[in-house]
Amino acid sequence: MSQKTLQAVRGMNDILPDEAELWERFEEVIRSWLHSYGYRPVRMPIVEPTGLFKRAIGEVTDIVEKEMYSFEDALNGEQLTLRPEGTAGCVRAVIQHSLAAQQPRRLYYMGQMFRHERPQKGRYRQFHQVGVESFGFTGPDVDAEQILMGARLWDDLGLEGISLQINSLGQPEERARHRAELIAYFEAHAELLDEDAQRRLHTNPLRILDTKNPAMQEMCAQAPKLLDFLGPESLAHFEGVQQVLRDAGVPYTVNPRLVRGLDYYNLTVFEWVTDRLGAQGTVCAGGRYDGLVEQLGGKPTPACGFAMGVERLIALIQDQDLAGGPEAVDVYVVHQGESASRLAFRVAEGLRDNGMAVILNCGSGSFKSQMKKADGSGAAYAVIIGDDEAAAGEVTLKSLRSADGEKGEQQRVKVDDLPATLMESIIDWEEE
RNA sequence: GCGGCAUUAGCUCAGUCGGUAGAGCACUGGAUUGUGAUUCCAGGUGUCACCGGUUCGAUCCCGGUAUGUCGCCCCA
């Protein structure tokens, strides 16, 4: 434990059985939810050429400048990178296979992403995202639908305390004009800018508006607003999105300071945020990126997508006591003696033939210790096989989940009758 | 990448004003022959994160490293 070589890489976590079962249940909810909106799965490599991310995400973003796991393939000198996000690879796949050439596409993927950041709760160097992307849809309807999807998912998962913020970044030209005026404005008030703001002035001036420095609040409130730079088409698109949200009764806040970290976004951007995860409050975020496909060498194709942070959602599920317990098997088979053990294998396989989950006691152990394991497994029933039973071609079927203090009822059952008897009992038991 | 706090049995934690350590849970065995969860009895739990310094002596004080955590930055 203290030996460095035996530890997982910093910021990369093992997900142990109790939690992994929750992950699998989560993934099942995700798949059925995506299917209900007609999204289809796609799986891309975890490693892509480094240049793909530089072109897609933007050279001067934090991700590309200092967070990517990049390396040279020692065998052929290729520059490769562990994907820090999924959209770039997805777009690459869409272009490479002409997926959106004939018709619009709705795609999703889930899996690991890698960013070399300082780990803390809700932020890891290997983390998981569910990514949802649409290609070929121009209007605000897909943006709105994707936002509605989030609302439904939180409901499906039973999560509370997640709220929606939206904004429009307009088109690149509109954003560029605003940015220029914003920088000019800040430069005109240079004496008010703190150190943070100075640094951001030319890298990410929109972020200055997020300042917590009271001395800058008033100056920021007067700064040029991006919405004032949007043309009629951009405004109409934004209004189209909001119309659907209002119709659907999904509450939202327009946050003019909401900007996405990646360069490729335009028009609609949105974030689902919670105040229950500390500093990492964003559980789901995305927006439209109409220029990216063309920028990466494909035919001009409008696109819109979002990604969810799986670790953050899992943390919310756990915090809100929605995690559920470990997944128990139906039956634990206790046996002792050679002929009994041989029969036990046959019995266990026979139950599995009937769709039941069965743990066969492996290794030695007294009846007592086997029964303890049976109880600990969470199984509803123990099937007990000793020499008596084996000789008679029977087993003892014992209930392990009777009322507190009550001894579990048990009965002798012919081996051939066991599956039918058990299935009836399990159905009765689950109905109670 | 920057700053604060933390690191003691498998888990959750207590403790030693510096003299090599405890509780609960869990685990294992037992309380009449082949029966769990309840009860009773017994038992191992540990280089007190790692490396170095101060000291007769450090788990405790100091420094560094690692990891976690909170915040900043950034983001899912």
Side-chain angles (χ1 to χ4, degrees), chain A residues 1-13 16 18 57 61-67 84-87 110-132 150 195-196 199-200 203-204 207 210-213 259-262 271-274 277-286 305-316 332 334-337 340 361 365-390 396-410:
Chain A
M1 190 170 112
S2 60
Q3 289 176 32
K4 192 182 171 190
T5 51
L6 290 180
Q7 285 187 9
V9 173
R10 184 177 199 193
M12 304 198 183
N13 303 118
L16 304 179
D18 282 343
I57 298 170
T61 57
D62 271 23
I63 292 178
V64 169
E65 281 184 340
K66 50 192 187 194
E67 295 176 1
E85 57 102 47
T87 300
M110 43 213 290
Q112 294 90 332
M113 307 294 162
F114 300 85
R115 292 183 199 172
H116 191 107
E117 298 182 276
R118 175 142 178 181
Q120 64 186 75
K121 186 177 181 183
R123 191 176 73 185
Y124 307 101
R125 289 183 176 177
Q126 173 182 285
F127 61 103
H128 297 72
Q129 286 187 342
V130 175
V132 179
E195 199 181 324
D196 241 20
R199 181 175 52 74
R200 285 163 164 163
T203 58
N204 204 346
R207 283 279 181 213
D210 278 333
T211 184
K212 287 162 185 137
N213 184 346
V259 290
R260 308 291 312 121
L262 315 181
E271 278 190 26
W272 291 96
V273 298
T274 177
L277 287 178
Q280 273 62 240
T282 304
V283 295
C284 174
F306 64 96
M308 290 180 286
V310 177
E311 281 83 354
R312 293 179 184 180
L313 286 169
I314 293 282
L316 275 185
Y332 193 103
V334 167
H335 58 94
Q336 200 159 60
N361 190 80
S366 64
F367 266 101
K368 188 185 182 72
S369 70
Q370 290 193 41
M371 286 303 294
K372 274 191 169 186
K373 286 175 189 160
D375 185 54
S377 76
Y381 291 92
V383 165
I384 302 166
I385 310 174
D387 293 332
D388 282 8
E389 287 90 342
T396 295
L397 175 61
K398 171 160 179 161
S399 167
L400 295 174
R401 304 292 147 213
S402 45
D404 284 346
E406 298 288 315
K407 277 229 157 195
E409 289 177 19
Q410 64 182 58

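Labels below follow one simple rule: chain letters A, B, ... track the order of the sequence lines, proteins then strands, and each chain is numbered from 1. This one's a predicted model, so the numbers in the text were calculated from it and none came from an experiment. Just so it is clear, the values below take in all heavy atoms, side chains as well, and ignore hydrogens, waters and symmetry mates.
Taking 4.0 angstrom as the limit, A/R123 places none of its side-chain polar atoms (N or O) nearer than this to OP1 or OP2 of B/rA76. The shortest distance between the side-chain N/O atoms of A/K368 and the OP1/OP2 oxygens of B/rG36 is below 4.0 Å.
Nucleotide B/rG52 has B/rC62 as its partner under the Watson-Crick or G-U criteria, with both atom distances under 3.5 Å. Both distances falling under 3.5 Å, in either a Watson-Crick or a G-U wobble arrangement, place B/rG29 opposite B/rC41. Base pairing of B/rA23: its partner is B/rU12, meeting the Watson-Crick or G-U wobble criterion (both donor-acceptor distances under 3.5 Å). The nucleotide B/rG3 finds its pairing partner in B/rC70, both defining distances of the Watson-Crick or G-U wobble pair being shorter than 3.5 Å. Base pairing of B/rG18: no nucleotide in any strand meets the Watson-Crick or G-U wobble criterion (both distances under 3.5 Å).
A donor-acceptor contact closer than 3.5 angstrom links the side chains of A/E389 and A/T396. Residues A/Y332 and A/N361 bring a donor and an acceptor atom of their side chains to less than 3.5 Å of each other.
Among the heavy atoms of the strands lying under 4.0 Å from A/K398 is at least one base atom, whether or not backbone atoms are also near. As judged by a 4.0 angstrom heavy-atom cut-off over every strand, A/Q410 is placed among the base-contacting residues. Residue contacts for A/E65: at a heavy-atom cut-off of 4.0 Å it reaches no nucleic acid atom on any strand shown. Counting any heavy atom pair closer than 4.0 Å across all strands shown, A/A374 reaches no nucleic acid atom. When heavy atoms are screened at a 4.0 angstrom cut-off, A/G11 is found touching the sugar-phosphate backbone but no base atom. Here A/Q336 lies out of heavy-atom contact (under 4.0 Å) with every strand. Nucleic acid contact class of A/G122 (heavy atoms, under 4.0 Å, all strands): base.
At whole-Å resolution of the value, CD in A/Q120 and C1' in B/rC2 are 12 Å apart. Remark: P of B/rC75 and NE2 of A/H116 are 17 Å apart, rounded to the nearest angstrom. Going from atom CD of A/Q280 over to atom C1' of B/rU69 covers 12 Å, rounded to whole Å. Between the P atom of B/rG36 and the OH atom of A/Y381 lies a distance of 19 Å, rounded to the nearest Å.
Put simply, the side chain of A/R312 and the base of B/rC75 share a donor and an acceptor less than 3.5 Å apart.
Checked against B/rU69, B/rG34, B/rG29, the side chain of A/F367 finds its nearest nucleotide in B/rG34.
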